[in-house]
Participant: 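The structure's right below; bear with me while I get my questions together.
Bear in mind the structure is a predicted one, so any value in this text is a computation, not a measurement. Protein chains get the first letters and strands the later ones, always in sequence-line order, with residue 1 at the start of each. What's counted below: heavy atoms across the whole structure, side chains too, no hydrogens, waters or symmetry copies.
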Amino acid sequence: MTVTRFAPSPTGYLHIGGLRTALFSWLTAQHNKGEFLLRIEDTDMARNSEEAKDAILKAFEWVGMSHDGEVVYQSKRFDLYKKYIDQLLKEGKAYKCYMSKEELATLREEQMTKKERTRYDGRYRDFSGTPPEGVDPVIRIKAPQEGEIFFVDGVKGAISIAASEVDDFVIARADGAPTYNFVVAIDDALMGLTDVIRGDDHLYNTPKQIVVYNALGLDLPNFNHVAMINNEQGKKLSKRDGATDVMDYKAMGYLPEALLNFLVRLGWSHGDQEIFSIAEMIDLFDPKNINKSSSNYNLDKLLWLNAHYIKNMPNEKLAVLLKEYGVNVEGHDKVELLLDATKERGKTLVELAEQINLILSAPNEYDEKSSKKAFKGEAKTILADFVVMLQNWEGTLHLPCDYHSVMDKLVETKEIGFGKIGMPLRVSLLGSMTGSGLDEIMAILGVDETVSRIEKAIATL
RNA sequence: GGCCCCAUCGUCUAGCGGUUAGGAUCCAUGGUUUUCAUCCAUGUUACAGGAGUUCAAUUCUCCUUGGGGUCACCA
């Protein structure tokens, strides 16, 4: 059975790039009817935060990616890691290193001035003398000293790194707490991971983890390293490039299905297909189609996708979502009409809410440019005549086409162009020259409200 | 700097030795729409450079250049 995982460290919000690798992992599991596990990497007690962990879980909930089984917390598994550390110590595959932090810093400085790669020099690897006083030792694992560490990456292909590049790295801190590369290998193995999908910033961690797998005699999973997402200039994505917190996208009015669709096409493709429902992604996703190269982040397509998903979303669902953006249309007797008339005009739920509010609340002021253009000439008398006609026909006005026929009639009897009534009417109802169809707006408002808004406008002329 | 990875329109990408190098987005233009948006149509724009291999390279190899990643008692 395929088992994948997402393993964030709870030091901040869920990053947009993290969501993509999580999505790739989740899709791989779903596609193979396997399991997608969630593990919180909180071995660094000093940097963890409960809020960060909750924020990450919340983001997962928002996008609708559910994990299987219980969330695994590494901080609760220290006893387990301790057991493996003791085992390696006993087998001579790991050793205590009494080098102080100061000594290590000095060594590193020397290496840097000599422009060498900074690495631990192995001075305690075969140490058997009397340990220095006052130093709590760290525990280092014995990495191979020659040869190559080789593995086949699912997206990058064959990777080989010289053993000399991997030093005897620390697996347990001076306080006894295990370190990342050690526990990742153990947990991935113990949790039954078959496919590790992660950012390629972890590529160099892989040989280290392989050292752990080998020392403990564990089976290797398939590694898949996904290239990074950079900003539009190809540089590392930072807050300055816009939102990097997944939840910011919710605040900006993006739909999770749009965000996921956008993300799945960043570094992965299925021919020319652009639109993927969640079900289609699951059906078609295969990590072997993941791109080797990094991709740049550009929100144009996300906006387009979001507009697409809003346009195609059932009104009932839209009405529910809109409540989180300050618009409650659920009680309105013309909800269907209201949403049909506005949903093609908002690329985000925030914009859609604005469009709806434009109709729902009478304009407090009239856009200067629009009113100047619309409220000129005979506008006042035309609007007054229109009000009279609306009132005369009141009982028969229900559908947009009913209102349209009144406008037709007005244009006909007064022998004027459509714009003569259209423009002033639009500004009277919405306050500006842009917006949904007049027929729909009037049908949504009803005769009373329509007349009231027109009369209010007339009063200012 | 050492090591590792990468390289097709501005951006996301298709391509897997022989194509008029395709799609999407963006942008521009036209049409539909009483406005705006939607929608439809059309158009501009790409194989980083240089050597090979081959009858033939965007595609394979090498070099250069450019970009990214990584070098913790962080994850």
Participant: Return the residues of residues 200-208 of chain A meeting this criterion: a heavy atom under 4.0 Å from some atom of RNA chain B. Order them by number, or give none.
Facilitator: A/Asp200, A/Asp201, A/His202, A/Leu203, A/Tyr204, A/Asn205
Participant: Taking NZ in A/Lys156 as the centre, count heavy atoms belonging to other residues, nucleotides or ligands within less than 6.0 Å. Is the count above 12?
Facilitator: yes
Participant: What I want to check is whether an N or O donor and acceptor connect the side chain of A/Arg345 with the base of B/U38 at under 3.5 Å.
Facilitator: no
Participant: Indicate, with a heavy-atom threshold strictly under 4.0 Å, whether A/Arg108 touches base, sugar-phosphate, or nothing.
Facilitator: sugar-phosphate
Participant: When you get a sec, tell me which of B/G67, B/A75, B/A72 is the closest nucleotide to the side chain of A/Lys235?
Facilitator: B/G67
Participant: Hey, what's the ring geometry for A/Tyr297 with A/Phe262, parallel, tilted or perpendicular (30° and 60° as the breaks)?
Facilitator: perpendicular
Participant: For the C1' atoms, the ones on B/A21 and on B/U45, what distance do you get once it is rounded to whole angstrom?
Facilitator: 13 Å
Participant: Is any side-chain N or O of A/Ser436 closer than 4.0 Å to OP1 or OP2 of B/A37?
Facilitator: no
Participant: Can you tell me the base-pairing partner of B/C39? Count Watson-Crick or G-U wobble geometry only, both distances below 3.5 Å, and say none if there is no partner.
Facilitator: B/G31
Participant: Would you call the rings of A/Phe60 and A/Phe6 parallel, tilted or perpendicular if under 30° counts as parallel and over 60° as perpendicular?
Facilitator: tilted
Participant: Measure from the ring center of A/Tyr254 to the ring center of A/Tyr309 and say whether it is less than 6.0 Å.
Facilitator: no
Participant: Mind checking if A/Ala227 touches a base, just sugar-phosphate, or nothing, with heavy atoms under 4.0 Å?
Facilitator: nothing
Participant: Return yes if a side-chain donor-acceptor contact under 3.5 Å exists between A/Ser295 and A/Arg265, otherwise no.
Facilitator: no
Participant: Select base, sugar-phosphate, or nothing to describe what A/Gly435 touches, counting heavy atoms under 4.0 Å on all strands.
Facilitator: base
Participant: Can we call the ring centroids of A/Phe182 and A/Phe169 under 6.0 Å apart?
Facilitator: no
Participant: Counting primed atoms plus P, OP1 and OP2 as sugar-phosphate and everything else as base, spell out the protein contacts along nucleotides 10-23 of chain B at 4.0 Å heavy-atom distance: B, S or - for each nucleotide, 5' to 3'.
Facilitator: SSBSS-------BB
Participant: Paired with B/A21 by Watson-Crick or G-U wobble geometry, both distances under 3.5 Å: which nucleotide is it?
Facilitator: none
Participant: Strictly by Watson-Crick or wobble contacts shorter than 3.5 Å, is anything paired with B/U54, and which nucleotide is it?
Facilitator: none
Participant: Got a donor-acceptor contact below 3.5 angstrom from the A/Thr342 side chain to the A/Gln355 backbone?
Facilitator: no
Participant: When the C1' atoms of B/G1 and B/U11 are compared, how many Å lie between them, rounded to an integer?
Facilitator: 33 Å
Participant: Under 4.0 Å: is that the gap between some side-chain N or O of A/Lys311 and OP1 or OP2 of B/C39?
Facilitator: yes
Participant: Given A/His225, which partner from the list A/Asn205, A/Asp200, A/Asp153, A/Asp201 fulfils the side-chain hydrogen bond (donor to acceptor under 3.5 Å, both in side chains) test?
Facilitator: A/Asp153
Participant: Have A/Asn48 and A/Asp42 got a donor and an acceptor in their side chains that come within less than 3.5 Å?
Facilitator: no
Participant: May I ask which nucleotide in the shown strands pairs with B/U59, Watson-Crick or G-U wobble, both distances under 3.5 Å?
Facilitator: none
Participant: Does A/Tyr120 have A/Arg140 sitting over its ring (NZ/CZ under 6.0 Å from centre, angle to axis within 45°)?
Facilitator: yes
Participant: For A/Asp187 and A/Tyr81, does a side-chain donor sit closer than 3.5 Å to a side-chain acceptor?
Facilitator: yes
Participant: For the P atoms, the ones on B/U8 and on B/G67, what distance do you get once it is rounded to whole angstrom?
Facilitator: 15 Å
Participant: Assign A/Met45 to base, sugar-phosphate, or nothing according to its heavy-atom contacts below 4.0 angstrom with the strands shown.
Facilitator: nothing
Participant: Is A/Arg198 touching bases, backbone alone, or none of the nucleic acid, heavy atoms closer than 4.0 Å?
Facilitator: nothing
Participant: Which residue, A/Ser9 or A/Arg426, contacts RNA chain B at a nucleotide closer to its 5' end, judged by nearest heavy atom?
Facilitator: A/Arg426
Participant: Report the nucleotide, chosen from B/A37, B/G2, B/C4, that has the shortest atom-to-atom distance to any side-chain atom of A/Ile161.
Facilitator: B/C4
Participant: Would one find a side-chain N or O of A/Lys347 under 4.0 angstrom from OP1 or OP2 of B/U38?
Facilitator: yes
Participant: Relative to the 5' end of RNA chain B, which residue comes earlier, A/Glu165 or A/Gly422, by the nucleotide with the nearest heavy atom?
Facilitator: A/Glu165
Participant: Identify whether any heavy atom of A/Val170 sits under 4.0 Å from a base atom; if not, whether one sits that close to sugar-phosphate; answer base, sugar-phosphate or nothing.
Facilitator: sugar-phosphate
Participant: Partner lookup for B/G2, please. Criteria are Watson-Crick or G-U wobble with both distances under 3.5 angstrom; report none if nothing qualifies.
Facilitator: B/U70
Participant: Could you measure between the two P atoms, the one in B/U59 and the one in B/G18, and give it in whole Å?
Facilitator: 11 Å
Participant: May I ask you to say what A/Leu425 touches in the nucleic acid, namely base, sugar-phosphate or nothing, with a heavy-atom cut-off under 4.0 Å?
Facilitator: nothing
Participant: Provide the distance between the two P atoms, one in B/A48 and one in B/A14, to the nearest whole Å.
Facilitator: 14 Å
